[in-house]
Protein chains: 2
Amino acid sequence: MAVTIRDVARRAHVSVATVSRALTSPELVRPETRSRVLAAASDLGYQPNRAARGLITGKTGNIGIVVPDLDNPFFTGVLKAVQARAMQADYAVFVADSDEDPVAEAKLVHAMAKQVDGVVLCAPGLEDSQVYEVAGATSLVLLNRRLPGVPAALMDSAGGMHAIVDHLVALGHSRIAYLNGPRTSWSNQERRRGLLSAVAQHKVDLVDLGPFAPRYEGGLQAADLAVAADTTAIIAYNDIMALGVLARLRDRGISVPGDVSVTGFDDLTYAALCSPALTTVAMPVASAGRTAVNLLLDWLDSDNTDVPHVVLETQLIVRGTTTPPRR
Amino acid sequence: MAVTIRDVARRAHVSVATVSRALTSPELVRPETRSRVLAAASDLGYQPNRAARGLITGKTGNIGIVVPDLDNPFFTGVLKAVQARAMQADYAVFVADSDEDPVAEAKLVHAMAKQVDGVVLCAPGLEDSQVYEVAGATSLVLLNRRLPGVPAALMDSAGGMHAIVDHLVALGHSRIAYLNGPRTSWSNQERRRGLLSAVAQHKVDLVDLGPFAPRYEGGLQAADLAVAADTTAIIAYNDIMALGVLARLRDRGISVPGDVSVTGFDDLTYAALCSPALTTVAMPVASAGRTAVNLLLDWLDSDNTDVPHVVLETQLIVRGTTTPPRR
DNA sequence: CTGGCGCTCGAAAACGTTTACGGTTTTTCT
DNA sequence: AGAAAAACCGTAAACGTTTTCGAGCGCCAG
């Protein structure tokens, strides 16, 4: 049924070895015969069988990506970029969704390991030791998580948080609430780090609340605590929580940004679409995805001597939910 | 490096053939030796090499899914379900994003064809003939598109549209605008079909506008046309357009739902989160994804005699953007 | 006692590639 | 022109499995 390398060889009057060479190392065959086999190959619509190739080369031509939740636009953003970059480099992409379950994350990487040349891992919930453990099974690139010894594509969320605080104090705010996401998540720690550094620098009162579920409902809950603490600005862990905050404040008749300013984090599409549009910081999801596969590809054919950590810039997007405080 | 079937055979004092049998067709070996093999295998942590297996069986144990846009929550919703169901059945999932480009869609299926046992295809933009053409390359299941001869998981969007109209006329509306999406897309045709049937049944005035880009900006543009046409209710092609409509109306000081009712389609997360919350119809994305891979798996080991088309129910979600018209 | 059958298992072929090795031709150098 | 070197290409082994075929064995019927 399928057309094999043998068919091409027959049609081009050469051996299978020559066909293989013409396709994978063109410089090894005479231009004349090379074009002959190329012609034969395209005539027959020949596509090499990747399984057979992988069997002997030991490389699969595939990469994997495991994410905690495919319904989360943040991860699908990186997935989209990963997919695009991989396809460009002639790699195919396996995707796995761990459903936020750390043990599933580890399992999935192991299961993928035999079928891919490497995987990019988004695993905010995994223990460091477990990450190292799965790193033994295949080549890893971490996304948005820094760990000595394993390459990573990072986003400067600390810097983004710093920018938010700078923005808020520039507007004149001096008592600010931060609504924590999950305490153990690397993202929350990073954001908090930027927050604290900025706060120390500016001498503002910080009201540190939470942790809350990083969901709409978490925002609803957190909003009340923040107004009870008498703050003029609320920094939410992420956009979804911020949306919850906005909804709760509106329900209680508290005007945004008139009475209180609110910021999110991530710049998901609806941040721009809600009303008032949300001030937030944009994460470079696409370039992070791209560089993650770049790192992986480099890592694969290199002496694995230095472990690159590249950090991408975030960007504060000022929209409608932040103004100077009413005095 | 990796542990092969030969290592297991040596350790269990049997031949490789017996190991293979013990793992894939247990009833063919004596229970005693079977357990010896199994023990050896798990001792060594043996995992069969899928490439080698695929080379000889002709099956890969993988399925593919190609979607027009991974940033679109609709598609990631089905992707998530597809992934989950496939994993359950011990299949791995390749994903490809065509970036809304029909020729890329066809190319991608062809590229995948050799690496997968079948693919679920979301290709609203592809010509029928092209779909048939790619169906020759591998086993296909269509998602949300009906085509004779190829199995499909469908969503009853016509029914959903009918429900919207029923809802609106029940509220008392009698002059309604429909904002078309892309004319050629199967989805738009289906929705329009349901719309027309409901309209004919109820004798209401239908103002048929567009087509518009199925984006936020398309909604901004469409809103003005709808109010100029003096309608009391606006049915948008999808949620994103509806959000654009809401924004534009608010900017113009037209109150929703006071002055005009608005509906969306798809029930994306932000439909529930915007304010007022959007009346829309929920698409069974998850079960569609699940049944798509069920269909694919069934199709793979069956005589391919009848081509199943299963249609899933949609559901009208009444929220805050629809009320009786002011008179 | 013989022939046939069923059960269990091993030897070996096959899947579609890549690549080490060696043989033949062409080029280059003197 | 002749020899050494280089360029080109074919033969065959190898990758890790599955599967066909048949061998060995015990059992039962005749």
Side-chain angles (χ1 to χ4, degrees), chain A residues 1-41 44-62 90-92 113-117 300-301, chain B residues 1-41 44-62 90 92 111 113-117 138 301:
Chain A
M1 190 78 250
V3 28
T4 95
I5 203 177
R6 239 166 281 272
D7 302 322
V8 179
R10 210 166 3 246
R11 178 177 247 255
H13 302 106
V14 295
S15 75
V16 296
T18 304
V19 175
S20 174
R21 276 189 281 253
L23 295 177
T24 65
S25 338
E27 71 280 6
L28 290 185
V29 321
R30 189 158 35 126
E32 176 193 325
T33 54
R34 182 196 316 159
S35 59
R36 190 145 40 93
V37 330
L38 259 35
L44 298 178
Y46 170 71
Q47 299 277 128
N49 180 321
R50 292 184 95 146
R53 172 179 297 180
L55 188 52
I56 185 155
T57 62
K59 334 226 83 204
T60 62
N62 301 327
D90 210 41
Y91 276 74
K114 286 90 195 166
Q115 298 203 77
V116 300
D117 295 339
L300 286 181
D301 50 21
Chain B
M1 190 77 251
V3 28
T4 93
I5 203 177
R6 237 165 284 271
D7 302 322
V8 179
R10 210 165 4 243
R11 178 177 247 256
H13 302 107
V14 295
S15 75
V16 297
T18 303
V19 176
S20 174
R21 276 189 281 253
L23 296 176
T24 65
S25 337
E27 72 281 5
L28 290 186
V29 321
R30 186 157 39 120
E32 176 193 325
T33 56
R34 182 197 313 160
S35 60
R36 191 147 38 94
V37 170
L38 261 33
L44 298 177
Y46 170 71
Q47 299 278 129
N49 181 320
R50 292 184 96 147
R53 172 179 297 180
L55 189 51
I56 185 151
T57 61
K59 335 225 81 207
T60 62
N62 301 325
D90 210 44
K114 286 90 198 168
Q115 298 203 77
V116 301
D117 295 339
T138 187
D301 50 20

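Just so it is clear, the model here is predicted, and its values are computed rather than measured. FYI, side chains are in, hydrogens and waters are out, and symmetry mates aren't considered; it's all heavy atoms of this structure.
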Reported CG-to-NZ distance for the pair A/Asn49 and B/Lys114, which is rounded to 0.5 angstrom: 10.0 Å
A/Ala12 versus A/Ala40, closest heavy-atom pair with distance: CB-CB, 4.0 Å
Sugar-phosphate, base or nothing in reach of B/Arg50, heavy atoms under 4.0 Å: nothing
Separation of D/dT17 C1' from B/Leu23 CG (nearest whole Å): 11 Å
Nearest-0.5 Å distance that lies between atom CZ in B/Arg53 and atom CG in B/Leu23: 7.5 Å
Atom pair distance, as rounded to whole Å: NZ in A/Lys114 and C1' in D/dT17: 16 Å
Five-pair end axes of the helix from C/dC1-D/dG30 to C/dT30-D/dA1, angle between them (10°): 40°
Length of the line joining A/Arg53:CZ and C/dC15:P, which is rounded to integer Å: 19 Å
Distance in Å, B/Ser15 OG paired with B/Arg10 CZ, rounded so as to fall on 0.5 Å steps: 12.5 Å
Within residues 20-32 of chain B or reaching into it, pairs that qualify as salt bridge (charged side-chain N to carboxylate O under 4.0 Å, His left out) - sequence neighbours excluded: B/Arg30-B/Glu32
Gap between atoms CG and P, on A/Leu55 and D/dA14 respectively (whole Å): 14 Å
Side-chain (A/Arg34) to main-chain (A/Ala22) donor-acceptor, under 3.5 angstrom: no
Sugar-phosphate only, base, or nothing, as touched by A/Thr57 at under 4.0 Å among non-hydrogen atoms: sugar-phosphate
Nearest-angstrom distance from the residue atom CZ of A/Arg10 to P of D/dC9: 19 Å
Touch class at under 4.0 angstrom, heavy-atom based, for B/Thr4 against every strand present: sugar-phosphate
Nearest-0.5 Å distance that lies between atom CG in B/Leu55 and atom CZ in B/Arg50: 14.5 Å
Give me, pair by pair, the N or O atoms of the protein and of nucleotides 5-7 of chain D that are less than 3.5 Å apart, along with how far apart they are.
none

Spacing of A/Arg6 atom CZ relative to D/dA12 atom P, expressed in whole Å: 12 Å
What pairs of nitrogen or oxygen atoms, one from the protein and one from nucleotides 4-13 of chain C, lie under 3.5 Å apart?
unit_1: C/dT8; atom_1: O3'; unit_2: B/Arg30; atom_2: NE; d: 3.4
unit_1: C/dC9; atom_1: OP1; unit_2: B/Arg30; atom_2: NE; d: 3.4
unit_1: C/dC9; atom_1: OP1; unit_2: B/Arg30; atom_2: NH2; d: 3.0
unit_1: C/dC9; atom_1: OP1; unit_2: B/Thr33; atom_2: OG1; d: 3.0
unit_1: C/dC9; atom_1: OP2; unit_2: B/Arg30; atom_2: N; d: 2.8
unit_1: C/dC9; atom_1: OP2; unit_2: B/Thr33; atom_2: OG1; d: 3.0
unit_1: C/dG10; atom_1: OP2; unit_2: B/Ser15; atom_2: N; d: 2.8
unit_1: C/dG10; atom_1: OP2; unit_2: B/Ser15; atom_2: OG; d: 2.9
unit_1: C/dG10; atom_1: OP2; unit_2: B/Thr18; atom_2: OG1; d: 2.4
unit_1: C/dG10; atom_1: N7; unit_2: B/Arg21; atom_2: NH2; d: 2.8
unit_1: C/dG10; atom_1: O6; unit_2: B/Arg21; atom_2: NH1; d: 3.1
unit_1: C/dG10; atom_1: O6; unit_2: B/Arg21; atom_2: NH2; d: 3.1

Value in whole Å for how far the C1' atom of D/dC9 lies from CD of A/Glu32: 13 Å
Which atom of A/Val16 lies closest to which atom of A/Ala9, heavy atoms considered: N-CB, 3.8 Å
Integer-rounded Å distance: D/dC9 C1' and A/Ile5 CD1: 14 Å
Distance in Å, A/Leu38 CG paired with A/Ser35 OG, rounded so as to fall on 0.5 Å steps: 7.5 Å
Residues that B/Asp117 engages under side-chain contact (heavy atoms from CB on, under 4.5 Å), provided they are two or more places apart: B/Lys59, B/Thr60, B/Tyr91, B/Leu300
Full working for side-chain contact (heavy atoms from CB on, under 4.5 Å) between A/Val37 and A/Val14: CA-CA 8 Å; A/Val37 330; A/Val14 295; 4.1 Å; yes
Partners passing side-chain contact (heavy atoms from CB on, under 4.5 Å) against B/Leu44 (at least two apart in sequence or in another chain): B/Val3, B/Asp7, B/Val8, B/Arg11
Selected nucleotide, minimal atom distance to A/Asn49 side chain, candidates C/dT18, C/dT17, D/dG16: C/dT17
